[in-house]
Each structure stands twice: as structure tokens, then as C-alpha cells.
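Report on the structure given below.
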Amino acid sequence: MAKAAEQKQNSTVVIEETKLDIRDVVNTTTTYGEDNGHGGGRRNDVAMVVLRAMCMAVSAVAVSLMVTARETSMTTLYGFEFQLHAVWSLSDSLIYLVVVSSATVLYSLIQLIISGTRLMRKFPVIPTRTQAWFCFVADQIIGYAMVSGGSAALGVTNMNRTGIRHMPLPNFCKSLGFFCDHLAVSVVFALIAFLLLAASSFLDVLSLSRDR
């Protein structure tokens, strides 16, 4: 009887250990599945924060280059020597680009603070579909404003380099190289900011495609 009781007790211990092992396997599998499922969202969140930081930096460079675009030089037209004084604020197109780029810097900074704070706290960067729609629409508006401002400034830069067709105006950029170079590089950075906003919009679409 004592031996039978001992065998029964050992069998009970083996069954309990088996149940415990099964629970451990199930818990481990579930945890891995949750981490693996959230891994894609986590990577997207990190990518979103990086894009916000890059967009803010690129837009800030575009603004700084534009507001420092000023130069005074001399040129010759029809045998007469003229003084040229070029400042970005004399062109409405360049002013528009500065305003739009400044708005992009501010918008990206706000989004970076919000997204970075949530990421450090291990919360979703875009927690709801409503916020995903808001970010998508905002990114679209700011992005199209940036590309329109860059296109307008590009027209001014191109005119400075080539002159006006059918009019005997010189290539002002030969005398205003510093000014024209600043305009050109600023436009390039503005267009890069547009591409970064487009990438952010793509991540917004991915957030909308996920169930909330």
C-alpha cells in the first residue's frame, strides 16, 4: 500500500510538472507572437520619429540658406556698369518658400516632440485612426506647400541664371554667384523635405491600414 501510494504521488508530480511545462511553452509562444506582431509597428514608429527629425533639420537648413542669400556686386550692360544688390526678401516667391519652410520646421518639431515622447514611453506613436488621419492630411498639406514653394523659388533661380527669353538681360548669377548658389541649395533642401513628408504620409497610410 505504501509503495502504491508513493507511485501515485510520483505520477501526480510528473503530471503537474508536465502541465507547468506546457503553460511555459504556451506563454512563451504567446509572448513571442505579441512581440513579433508589434515589431513591425515598433519599426514604423522609429522610422516616423527619424523622418520627423530629418524633415525638421532639412527644412531648417533650407530656411537658413534662404535668409542668408544676399549679395552686392557689379555688372556691365550695354557698356554701362551697374551695381546689383540681391536680397531674398525682394522676391515674393522666395518669401513664400521661407514662410512654408518655417511652418514645416515648426510642424515637424511638434510632431517630433509628441512622437519621441510616446516612443520613449513605449506607446504607439499614432494610437488612433483619428490621429492617423490628421497626420496624413497635415503631411499632405505641408508637403504640397513645400513642393509649390520650391517650384516657385526654382523659377526665380532659373531666371537669374538664364535671363528672360527674347530680352537682352545678362546672366546675373555670373556676378551674384553666392546669392544664386544659396537659392539653388535652399530649393534642393526644400524638395528633400517634401520627399520626407511624402514618406511620413506613407507611414500614416500603414497606420490607417492597421486595426485600432
Side-chain angles (χ1 to χ4, degrees), residues 25-67 88 92-157 183-212:
V25 171
V26 172
N27 291 336
T28 304
T29 305
T30 303
T31 303
Y32 174 77
E34 290 174 354
D35 291 340
N36 190 34
H38 185 61
R42 183 71 175 179
R43 286 192 296 269
N44 290 342
D45 290 347
V46 173
M48 179 67 76
V49 173
V50 172
L51 287 174
R52 297 302 184 191
M54 292 177 61
C55 185
M56 182 187 68
V58 168
S59 301
V61 172
V63 173
S64 62
L65 287 171
M66 186 61 71
V67 298
W88 67 272
D92 292 337
S93 298
L94 302 183
I95 293 174
Y96 174 66
L97 180 59
V98 169
V99 172
V100 172
S101 299
S102 301
T104 303
V105 172
L106 181 60
Y107 169 74
S108 300
L109 176 61
I110 294 173
Q111 289 283 16
L112 178 61
I113 293 174
I114 296 174
S115 302
T117 301
R118 288 175 177 168
L119 185 65
M120 288 188 296
R121 294 179 178 179
K122 297 183 179 181
F123 294 153
V125 169
I126 303 179
T128 63
R129 290 181 62 86
T130 301
Q131 185 169 350
W133 274 112
F134 172 80
C135 292
F136 175 76
V137 172
D139 288 339
Q140 291 288 307
I141 293 174
I142 298 294
Y144 283 118
M146 283 294 289
V147 75
S148 65
S151 300
L154 183 62
V156 174
T157 304
L183 294 189
V185 178
S186 178
V187 170
V188 170
F189 274 90
L191 296 179
I192 293 175
F194 162 73
L195 295 178
L196 293 173
L197 288 168
S200 298
S201 297
F202 176 74
L203 293 181
D204 295 334
V205 172
L206 292 181
S207 297
L208 286 170
S209 66
R210 294 197 299 265
D211 292 332
R212 294 289 176 181

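The shortest heavy-atom contact between S93 and A153 is CB-N, 4.3 Å. Here the shortest heavy-atom pairing between S101 and S59 reads O-CB, 3.8 Å. Between V58 and A193, the closest heavy-atom pair is CG1-N, 3.8 Å. Of all the heavy atoms in L208 and A132, the pair that sits closest is CD2-CB, 3.5 Å. Across all their heavy atoms, C55 and T104 have their closest contact at SG-CG2, 3.7 Å.
Remark: Y96 OH is packed, more than 12 non-hydrogen atoms of other residues, nucleotides or ligands lying under 6.0 Å away. Within 6.0 Å of atom OH in Y107, more than 12 heavy atoms from other residues, nucleotides or ligands are found, so the atom counts as buried in its surroundings.
Counting heavy atoms from C-beta outward, V98 and S102 have side chains that approach closer than 4.5 Å. Contact annotation: the side chain of V125 never approaches that of L203 to less than 4.5 Å [non-hydrogen atoms, C-beta and beyond].
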**Report entry** Stepwise side chain to side chain contact (heavy atoms under 4.5 Å, CB included) check, M48 with D204
**Finding:** CA-CA 9 Å; M48 179 67 76; D204 295 334; 3.2 Å; yes
Query - side chain to side chain contact (heavy atoms under 4.5 Å, CB included) assessment of L119 paired with R42 - result: CA-CA 8 Å; L119 185 65; R42 183 71 175 179; 3.5 Å; yes
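For the atom pair CE (M120) and OG (S115), the distance works out to 11.0 Å, reported to the nearest 0.5 Å. Between the CD atom of Q111 and the CG atom of L106 there is a distance of 10.5 Å, given to the nearest 0.5 Å.
A salt bridge links R52 with D139: the distance from a Lys NZ or Arg NE/NH1/NH2 to an Asp or Glu carboxylate oxygen falls below 4.0 Å.
One N or O on the side chain of S209 and one on the backbone of L206 form a donor-acceptor pair closer than 3.5 Å.
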